[in-house]
Structure formats: C-alpha cells, structure tokens
Undergrad: 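Quick one: the structure is below, questions incoming.
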Amino acid sequence: MSQSLASGTDLSPAKREPKPPWLRVRLRHDRQLEETRDLVRELGLHTVCEEAACPNLGECWSKGHATVMILGSVCTRACAFCNVATGRPDPVDPDEPRRLAESVARSGLTHVVVTSVDRDDLPDGGAGHFVACIEALRVQAPETTIEILTPDFRRKGDSAWSSIAKSRPDVFNHNLETVPGLYRRIRPGANYQHSLGLLAKVKSVEPGLFTKSGIMVGLGEAPDEVFALMDDLRAADVDFMTIGQYLRPTPRHAPVQRYVHPDEFDRYAEAAQARGFLLVASSPLTRSSYHAAEDFARLQGARLSRVEEG
C-alpha cells in the first residue's frame, strides 16, 4: 500500500474550522444512561468519560458501559491534550476498590475498563491500588473480564508495572498517545521510549496477556511517523492498536492541526493490519475504551484463529 495518506494536505491549525459531519455527536438521554449516571454518583466513582469529555459518553452510558477512573480526579501532570484537572491529588481512598467492584457486580458488566490519573506523588505511582481493584473485581465480579489502562509509572521502578501484570488483568493497555516527535509539546512529562518499553516488558513477563496501545491523530503528525510508531508497537509485541481523532477540550489545550478524513483512518487500519496486529480500531471517534467489550471478544477470536492457522 502507498505510504502517503494525505500528501499536500494543509496542516495549519483547524481551530477555526467547524467540526466535520463525521465528528458531530448528539448526546442522547435514555433510561439506561440515567441509571449508569446514578450508579456512578451513588458509589462516588469518577469516570474518564466525564473527566476527559469523551464524545462517546452518550452511546456508552446508554449501554451501561463506563470507564472508571481510580486514584481520584486530579492528575499530577499537565498534558497538552487532556481535560483532566491538574494539581495536588487527594489521598488515596482505600475503599475505592470495594466500591468499584460493587458497581461492576450490580451493573452486570461482562467487561470493565479501569484507568487512572497519573500519581507521580505516590512511591509506586498507584500500582498497588490497581492491584487492589483487580483483586476486588475477581472476588465480587468473577465472570467479568478486566481491562486496565495505566499511566507510565515513570521513575517508579519495574516493581510497579510488574505487580499489575502479575495480577493478570485480561488486557493491559498503556497509550503512547502520539508520535515521538510531538512528545515535548503534547506529552512533556512522559518519554516515548519508556512507554514503549513498558509495553514490551509487560508482554515479556506475562506473554498470555493481551497488550494494547493507542494514539490520537490530527496533532501535526506525518503519516510516515504513524507508520513508524506502528512498527515500534509490533516490535513490542502489542496485540491491539487504537487510532482516533484528537479533539481540543478547551482553548488552553493544544489546537487541532487537522481533521483526519474517515478514509484515511481506514488506510491507517489497513497499514496496521498488514503489520500483524491481532486487532485494530481506527476511526474518528475511536477511543481507548470505546466498544471495549466487543473488542475483547474480537481479540479472543483473533488469537484463536491465529493459533489454529499457525
């Protein structure tokens, strides 16, 4: 396939352009959405759906799906793309794993996604709290599969990420977010090689885990940079890649450089599939946990098919 998705495309900021029709989402209210909201409020949980202003909130909550954000709602970092508040976090709530597991058990979820803010203030970056959540879920919701989306645990040592991997969630996700050339501007508190190495080491310690990572496009990256990132993820033996459009949360965040056409997302998907990922989700509205339950079933099927073919 051609390595050029948009040669000659104008990469000037799109902040004055209206959102194209494929990005216009109408929030729908129904009984299931309200029930999901009520359960989240009752148990005092935070969700990345709300904190990050996800455009898919209405669809997901209407299906009873919400991505729970543990370790509070205040992050110790200030990434240029993220809508989560930055500042001094609250103390870790030791009762949160129980409330999380109760919410999953009561909602009857078959698959749950658990993420967190960055907690650079904690000695282990919050890894022990992830483990406590996984253990509580195994007790209260033993039939539910668990997907975790972790921070990078930078400067916290291998024991942080390895303790989570050894707890054996079903999917271990850590997002690269963008191409390495944009890290200084978009993700200044992180390091591309560290994040890539984290994914590779998780797979080496627990080869049976599904590993997953995602990026946003429309931040000024070139297609060739995205292709090189795909190669890096495959070298780290990552199973599942997600690609979605960056949307600017507020005027203080990094501007959108370009709204990527759905056809280009399709071509990114083709390029990723050709590189051997078990699964690729690539569309303007794709987010890390969008359609996570359905995607987990597809991941299992893809691995089984590959084993049978091999």
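One is the number of the first residue; the rest follow in order along the sequence.
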Undergrad: Is Val74 reachable from Val114 through a run of hydrophobic residues whose side-chain heavy atoms are each under 4.5 Å from the next?
TA: no
Undergrad: Taking the side chain as every heavy atom from C-beta outward, state whether Arg306 and Leu278 have any atom pair closer than 4.5 Å.
TA: yes
Undergrad: Can you tell me how far the OG atom of Ser107 sits from the CD atom of Glu102, to the nearest 0.5 Å?
TA: 10.5 Å
Undergrad: Phe153 and Gly126: which non-hydrogen atoms are nearest, and at how many Å?
TA: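 The answer is CE2-C, 4.4 Å.
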Undergrad: Tell me, with the steps shown, if Leu198 and Leu196 meet side-chain contact (heavy atoms from CB on, under 4.5 Å).
TA: CA-CA 5 Å; Leu198 170 64; Leu196 193 64; over 6 Å; no
Undergrad: Are Lys166 and Glu206 close enough for a salt bridge, meaning some N to O gap below 4.0 Å?
TA: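 Between Glu206 and Lys166 there is no salt bridge, as every charged N stays at least 4.0 Å from the carboxylate O atoms.
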Undergrad: Could you tell me whether Asp170 and Arg138 have a side-chain N and a carboxylate O separated by less than 4.0 Å?
TA: yes
Undergrad: Could you check Thr250 against Arg248 for side-chain contact (heavy atoms from CB on, under 4.5 Å), going step by step and ending with a plain yes or no?
TA: CA-CA 6 Å; Thr250 73; Arg248 191 183 197 185; over 6 Å; no
Undergrad: Classify the side-chain pair Arg154/Ser195 by whether it contains a donor and acceptor separated by less than 3.5 Å.
TA: no
Undergrad: Does the side chain of Asn173 reach to within under 4.5 Å of the side chain of Ile148, using non-hydrogen atoms?
TA: no
Undergrad: Do NZ/NE/NH1/NH2 and the carboxylate oxygens of Asp231 and Arg234 come within less than 4.0 Å?
TA: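 Salt bridge: no.
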Undergrad: Please state whether the rings of His111 and Phe296 are parallel, tilted or perpendicular, taking 30° and 60° as the class boundaries.
TA: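 The rings of His111 and Phe296 lie parallel, inter-plane angle below 30°.
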Undergrad: Do Met241 and Leu182 share a hydrophobic cluster (ILVMFWY, side-chain heavy atoms under 4.5 Å, transitive)?
TA: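 Yes, same cluster.
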Undergrad: Within the side chain of Thr115, is there an N or O that forms a donor-acceptor pair under 3.5 Å with the backbone of Leu149?
TA: yes
Undergrad: I'd like to check Leu229 versus Tyr192 (side-chain heavy atoms, cut-off strictly below 4.5 Å). Are they in contact?
TA: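 Yes. Closest side-chain heavy atoms under 4.5 Å.
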Undergrad: Once salt bridge (charged side-chain N to carboxylate O under 4.0 Å, His left out) is applied, do any residues pair with Lys203, and if so which ones, sequence neighbours excluded?
TA: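 Lys203 satisfies salt bridge (charged side-chain N to carboxylate O under 4.0 Å, His left out) with Asp239 once adjacent residues are dropped.
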Undergrad: How long is the straight-line distance from CD1 of Ile186 back to SG of Cys82, given to the nearest 0.5 Å?
TA: 12.0 Å
Undergrad: Are Tyr246 and Tyr259 co-members of a hydrophobic cluster defined by side-chain heavy atoms under 4.5 Å apart?
TA: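 Linked, Tyr259 and Tyr246 end up in one cluster.
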Undergrad: Would you say Asp295 and Phe240 make side-chain contact, with heavy atoms under 4.5 Å?
TA: yes
Undergrad: Could you measure the distance from the SG atom of Cys133 to the CD1 atom of Ile146? Nearest 0.5 Å is fine.
TA: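 The CD1 atom of Ile146 is 9.5 Å from SG of Cys133, to the nearest 0.5 Å.
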Undergrad: To the nearest 0.5 angstrom, please state how far the CG atom of Asp118 sits from the SG atom of Cys75.
TA: 4.0 Å
Undergrad: Is a side-chain N or O of His129 found less than 3.5 angstrom from the main chain of Ile70, in a donor-acceptor match?
TA: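 Side chain of His129 to backbone of Ile70, a donor-acceptor pair under 3.5 Å: no, none is there.
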Undergrad: Could you tell me which non-hydrogen atom of Ala101 sits nearest to which non-hydrogen atom of Leu137, and how far apart they are?
TA: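 Between these two residues, the closest heavy atoms are CA-CD2, 3.7 Å.
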Undergrad: Is Lys156 salt-bridged to Asp124, cutoff N-O under 4.0 Å?
TA: no
Undergrad: Hey, does Val113 have a side-chain heavy atom less than 4.5 Å from the side chain of Val68?
TA: no
Undergrad: Quick one: does Met216's side chain get under 4.5 Å of Leu247's, heavy atoms only?
TA: no
Undergrad: Locate the shortest heavy-atom distance separating Pro249 from Asn83; write the atom from each residue and the value.
TA: CB-OD1, 3.5 Å
Undergrad: Under a 4.0 Å threshold between the charged nitrogen and the carboxylate oxygen, would Arg298 count as salt-bridged to Glu294?
TA: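 The answer is no: the pair does not qualify as a salt bridge.
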Undergrad: With rounding to the nearest 0.5 angstrom, report the CD to CE distance, Glu96 to Met69.
TA: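 If we round to the nearest 0.5 Å, Glu96:CD and Met69:CE are 9.5 Å apart.
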Undergrad: Within 45° of the ring axis of Phe210 and under 6.0 Å from its six-membered ring centre, is that where the NZ or CZ of Arg303 lies?
TA: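 Yes; both conditions hold, so Arg303 lies above the ring face of Phe210.
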Undergrad: Do Thr242 side-chain atoms and Ser288 backbone N/O form a donor-acceptor pair below 3.5 Å?
TA: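 No, Thr242 side chain to Ser288 backbone: no donor-acceptor pair under 3.5 Å.
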Undergrad: Are Glu177 and Ile215 close enough that some pair of their side-chain heavy atoms sits under 4.5 Å apart?
TA: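 With C-beta onward as the side chain, the pair stays apart.
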Undergrad: Indicate if Ile134 and Val117 have the same hydrophobic cluster label, given that clusters are the connected sets of ILVMFWY residues with side-chain heavy-atom separations under 4.5 angstrom.
TA: yes
Undergrad: Carefully, step by step, assess Ser159 and Ser162 under the rule side-chain hydrogen bond (donor to acceptor under 3.5 Å, both in side chains).
TA: CA-CA 5 Å; Ser159 61; Ser162 64; 5.7 Å; no
Undergrad: Where the side chain of Glu221 meets the backbone of Leu219, is there a donor-acceptor pair that is under 3.5 Å apart?
TA: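 Indeed, once roles are kept as given, a pair shorter than 3.5 Å links the two residues.
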Undergrad: What is the minimum heavy-atom distance between Ser103 and Leu100, and which atoms define it?
TA: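 Nearest heavy atoms, Ser103 then Leu100: OG-O, 2.7 Å.
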Undergrad: Would you please test Asp93 and Arg98 for salt bridge (charged side-chain N to carboxylate O under 4.0 Å, His left out) and show each step?
TA: CA-CA 10 Å; Asp93 180 357; Arg98 181 197 63 79; over 6 Å; no
Undergrad: Are the side chain of Ser282 and the backbone N or O of Phe265 linked by a donor-acceptor pair below 3.5 Å?
TA: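 Flag set: sc Ser282 to bb Phe265 pair under 3.5 Å.
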Undergrad: Of the non-hydrogen atoms in Phe81 and Arg187, which two are nearest, and what is the gap between them?
TA: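 Nearest heavy atoms, Phe81 then Arg187: CE2-CG, 4.4 Å.
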Undergrad: Between the main-chain N or O of Asn175 and the side-chain N or O of Lys212, is there a donor-acceptor pair closer than 3.5 Å?
TA: no
Undergrad: Within the distance-only criterion (no hydrogens, no angle test), does the side chain of Arg119 pair as donor or acceptor with the backbone N or O of Gly125 below 3.5 angstrom?
TA: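 Checking the backbone N and O of Gly125 against the side chain of Arg119, no donor-acceptor pair under 3.5 Å is found.
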Undergrad: Mark yes or no for whether Ser163, through its side chain, and Ala160, through its backbone, hold a donor-acceptor pair below 3.5 Å.
TA: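 Yes; judged by distance alone, with no hydrogens or angles, the pair exists.
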Undergrad: Salt-bridged, Glu264 to Arg258, with N to O below 4.0 Å?
TA: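 A salt bridge is present here (some side-chain N lies under 4.0 Å from a carboxylate O).
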Undergrad: Can a donor-acceptor pair be found between the side chains of Thr76 and Asp120 at a distance below 3.5 Å?
TA: yes
Undergrad: With rounding to the nearest 0.5 Å, note down the distance linking CZ in Phe130 to CH2 in Trp161.
TA: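 Answer rounded to 0.5 Å: 15.0 Å.
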Undergrad: Counting only N and O atoms by type, is there a donor-acceptor contact under 3.5 Å from the side chain of Thr144 to the main-chain atoms of Leu109?
TA: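 Checking the backbone N and O of Leu109 against the side chain of Thr144, a donor-acceptor pair under 3.5 Å is found.
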Undergrad: Taking side chain as C-beta onward, heavy atoms only, is Pro89 less than 4.5 Å from Leu71?
TA: no
Undergrad: Check whether Val202 and Val131 end up in the same hydrophobic cluster, where Ile, Leu, Val, Met, Phe, Trp and Tyr are linked by side-chain heavy atoms less than 4.5 Å apart.
TA: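 As far as the 4.5 Å side-chain criterion goes, Val131 and Val202 are connected within one cluster.
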Undergrad: Under the 3.5 angstrom rule, does the side chain of Tyr268 hit a backbone N or O of Asp263 as a donor-acceptor pair?
TA: no
Undergrad: List the steps and the verdict of side-chain contact (heavy atoms from CB on, under 4.5 Å) for Ile243 and Thr286.
TA: CA-CA 6 Å; Ile243 308 170; Thr286 291; 5.9 Å; no
Undergrad: Measure across Met230 and Arg275 and return the closest heavy-atom pair with its distance rounded to 0.1 Å.
TA: CB-CD, 3.6 Å
Undergrad: Determine, stepwise, if the pair Thr211 / Asp237 fulfils side-chain contact (heavy atoms from CB on, under 4.5 Å).
TA: CA-CA 8 Å; Thr211 50; Asp237 201 19; 5.8 Å; no
